[in-house]
Number of protein chains: 2
Amino acid sequence: MTKLENFYNQIKNSPVFFGMSDDELKGLLECFNARIRKYEKDEMIIRQGDMISNIYLILEGGVNIEKDSYWGRRIIISRLGKNDNLALSFVGSKDVESSVDAIAVEDTLVLVLSYEKCTSMCQNACTRHKVLINNLFQILSKENIELIQKIENVSQKTIRDKLMTYLSNEAMKNHSNRFEIQFNRQDLADYLNVDRSAMSFELSKLQKEGLISYNKNRFELLS
Amino acid sequence: MTKLENFYNQIKNSPVFFGMSDDELKGLLECFNARIRKYEKDEMIIRQGDMISNIYLILEGGVNIEKDSYWGRRIIISRLGKNDNLALSFVGSKDVESSVDAIAVEDTLVLVLSYEKCTSMCQNACTRHKVLINNLFQILSKENIELIQKIENVSQKTIRDKLMTYLSNEAMKNHSNRFEIQFNRQDLADYLNVDRSAMSFELSKLQKEGLISYNKNRFELLS
DNA sequence: TTATTTTTGTTGTATAAACAACAGAAATGT
DNA sequence: ACATTTCTGTTGTTTATACAACAAAAATAA
């Protein structure tokens, strides 16, 4: 069931609505005309050029943020999952259209809020809006830091260095040397901005040299 | 003179304080313990690992946001100038230390505000704080979008494509095919993540082929 | 189960970029 | 004005990666 009520607890505990009372949250969901949308695998949620006036919160599933480069090269900016927001920066920047695509990589449920509608109505006056904007500020901060980390990943010189930087960062995020990655090989290559086959080869080499071990999407860093 | 009063108009019109009344701004500057700091060329304003509890606003000069990669490679994340903010995302993310350096590339004046001090005092209650956080949200949005653009720049396959993508984006920002870039050649190479000499060679080639023309830091895109 | 499609790994070859070393130009200091 | 330092452009060589083509494995469908 994709009813709002079924996800109420998850929504209440998501970063966007963190710190709100039940009353505030309920009022806000109503005021923002909250509804749940379902996207199938490979469906486009946002496309390059769209004007974004909604806040999107992923309730279930996974989403790739991608960009098609001038000559058809696919760049994966990031992979988002449960409790992440989509395209928040394009909500914050008035009159800027999305420069990226958001694509469901599996069946995905998204909570959609009409941000503009509400803010124009309440003129930023209500207390719940104050809490919300505070949360949005913090969420964007985190996104920012993760984009910087992505830049670090892809800015390494060799495929080997990109892989090791990426895997180290993932290990850090998971507080463990054993972790699962979300990307398949092609997506990881598009994220690290390298050729898939060359990357596969380098992964094997790293394993043979005893630096890492992996099986499918489970990786382990061996110091 | 580096007195606050001398920069009052510039501060008032900066994105951070946009939309505030004189009274609000004056109160806020006091409450946030605003002061101006001067940094010499090549001086570090922020270093990797610092905890950031201040809002920094560049009044004059230029700043590189950099990161030293694992084996001493320099990565330039972005170049900031007048009216830009430093390290805002690390203010928004509690308990996260800076993952980047901020380095003055020329003599630079920075307005410094003790963000934490004030927010803990006023408990987000004052109206000026509400306006501020709204502005910060928008500023971070823009930063986010620019980071995505940087990712696009460095994610091109060849040096030539990186250069053309970068130059096109600069032309777009300047609303003109003739524009000046802020980077010198070494900095541009570190920004695009390529070897300087190879990049210089490619620039010459582009000029010989009639795609661009340049003289020092002035570029022109010839369609 | 078997057949089909998708994903992942392997290899050889062509190509682009890093690197090193240097020369000339421009900027800076004295 | 001169000396010195910094910046930019040029070239040859080495090295890493993209690309293509294919094989093996895994996942999915029939």
Side-chain angles (χ1 to χ4, degrees), chain A residues 40-42 62 64 69-76 79 105-107 153-167 180-209 212-219, chain B residues 40-42 62 64 69-76 79 105-107 153-167 180-209 212-219:
Chain A
E40 316 252 308
K41 183 175 187 316
D42 295 327
N64 269 353
S69 104
Y70 209 57
W71 292 279
R73 243 170 95 69
R74 181 175 77 143
I75 302 165
I76 294 186
R79 166 62 142 272
V105 292
E106 55 189 302
D107 290 358
N153 288 338
V154 302
S155 296
Q156 300 304 315
K157 206 181 48 207
T158 62
I159 294 182
R160 161 173 293 236
D161 290 346
K162 290 184 186 187
L163 281 169
M164 290 309 283
T165 304
Y166 168 76
L167 292 173
E180 189 167 355
I181 68 171
Q182 301 305 312
F183 291 127
N184 62 26
R185 295 293 186 274
Q186 183 62 63
D187 282 1
L188 180 56
D190 288 344
Y191 175 83
L192 293 180
N193 211 18
V194 296
D195 179 68
R196 182 197 58 76
S197 65
M199 187 191 74
S200 260
F201 182 64
E202 195 65 42
L203 276 173
S204 309
K205 217 160 80 178
L206 284 167
Q207 181 155 246
K208 277 177 201 138
E209 294 175 21
I212 66 173
S213 84
Y214 62 92
N215 183 282
K216 247 202 106 213
N217 285 10
R218 292 212 61 82
F219 284 78
Chain B
E40 316 251 311
K41 184 174 186 317
D42 295 327
N64 269 353
S69 106
Y70 209 56
W71 290 282
R73 241 169 97 70
R74 181 176 76 143
I75 302 164
I76 294 186
R79 165 65 141 271
V105 293
E106 54 190 303
D107 289 1
N153 288 337
V154 302
S155 296
Q156 301 304 314
K157 205 182 49 205
T158 62
I159 294 182
R160 161 173 293 235
D161 289 347
K162 290 184 187 187
L163 281 169
M164 289 309 282
T165 305
Y166 168 75
L167 292 174
E180 189 168 355
I181 67 170
Q182 302 304 313
F183 291 128
N184 61 27
R185 296 293 187 271
Q186 183 61 63
D187 282 1
L188 181 55
D190 288 345
Y191 176 83
L192 293 179
N193 211 18
V194 296
D195 178 69
R196 181 197 57 77
S197 65
M199 187 192 75
S200 260
F201 182 64
E202 195 65 41
L203 277 173
S204 310
K205 217 161 80 177
L206 284 167
Q207 181 154 246
K208 278 177 200 137
E209 294 176 21
I212 66 173
S213 83
Y214 61 92
N215 182 280
K216 247 202 104 206
N217 285 8
R218 292 211 61 80
F219 284 77

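So you know, we letter chains A, B, ... as the sequences are listed, proteins then strands, and number each from 1.
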Item to check | First-last contacting nucleotides on DNA chain C - partner chain A, under 4.0 angstrom, heavy atom | outcome: dT8(C) to dC19(C)
Interatomic distance, [X] [atom1] vs [N] [atom2] [rounded to whole Å]:
{"X": "Tyr214(B)", "N": "dT8(D)", "atom1": "OH", "atom2": "P", "value": "11 Å"}
{"X": "Met199(A)", "N": "dC19(D)", "atom1": "CE", "atom2": "P", "value": "14 Å"}
{"X": "Asn215(A)", "N": "dA26(D)", "atom1": "CG", "atom2": "C1'", "value": "11 Å"}
{"X": "Asn184(A)", "N": "dT28(D)", "atom1": "CG", "atom2": "P", "value": "12 Å"}
{"X": "Ile159(B)", "N": "dG9(D)", "atom1": "CD1", "atom2": "P", "value": "14 Å"}
{"X": "Leu163(B)", "N": "dT8(D)", "atom1": "CG", "atom2": "P", "value": "14 Å"}
{"X": "Lys216(B)", "N": "dG9(D)", "atom1": "NZ", "atom2": "P", "value": "11 Å"}
{"X": "Phe201(A)", "N": "dA24(D)", "atom1": "CZ", "atom2": "P", "value": "17 Å"}

Item to check | Residue pair Leu203(B) / Phe219(B), side-chain heavy-atom distance below 4.5 Å | outcome: yes
Partners passing side-chain hydrogen bond (donor to acceptor under 3.5 Å, both in side chains) against [X] (at least two apart in sequence or in another chain):
{"X": "Ser204(A)", "answer": "none"}
{"X": "Arg79(A)", "answer": "Asn64(A)"}
{"X": "Glu106(B)", "answer": "none"}
{"X": "Asp195(A)", "answer": "Ser197(A)"}

Checklist entry - Considering residues at least two apart in sequence or located in another chain, which fulfil the salt bridge (Lys or Arg N to Asp or Glu O under 4.0 Å) criterion with Glu209(A)? => result Arg160(A)
Checklist outcome for this item: Taking every heavy atom of Lys162(A) against every heavy atom of Gln156(A), the minimum-distance pair comes out as CE-O, 3.3 Å
Item to check | All side-chain contact (heavy atoms from CB on, under 4.5 Å) counterparts of Glu180(B), not counting sequence neighbours | outcome: Asn217(B), Arg218(B)
Item to check | Which residues share a side-chain contact (heavy atoms from CB on, under 4.5 Å) with Asp107(A), sequence neighbours left out | outcome: Lys38(A), Glu40(A), Lys41(A)
Checklist outcome for this item: Walking DNA chain D from its 5' end, the first of Ser204(B) and Ala198(A) to be reached, judged by nearest nucleotide, is Ser204(B)
Checklist entry - For Lys157(B) and Asp187(A), take the nucleotide of DNA chain C holding the closest heavy atom to each; which residue's nucleotide lies nearer the 5' end? => result Asp187(A)
Checklist entry - Quick one: ring pair (Phe, Tyr, Trp, His ring centres under 6.0 Å) partners of Phe201(A), sequence neighbours excluded? => result none
Checklist entry - Got a salt bridge between Arg185(A) and Asp190(A), using NZ or NE/NH1/NH2 to carboxylate O under 4.0 Å? => result no
Checklist entry - Angle, rounded to 10°, between the helical axes spanning five pairs at each terminus of the helix from dT1(C)-dA30(D) to dT30(C)-dA1(D)? => result 60°
Next on the checklist: So Thr158(A), base contact, sugar-phosphate only, or nothing? Heavy-atom distance under 4.0 Å.
Outcome noted: sugar-phosphate
Item to check | Residue-level proximity of residues 188-196 of chain A to DNA chain C when a heavy atom falls under 4.0 Å | outcome: Arg196(A)
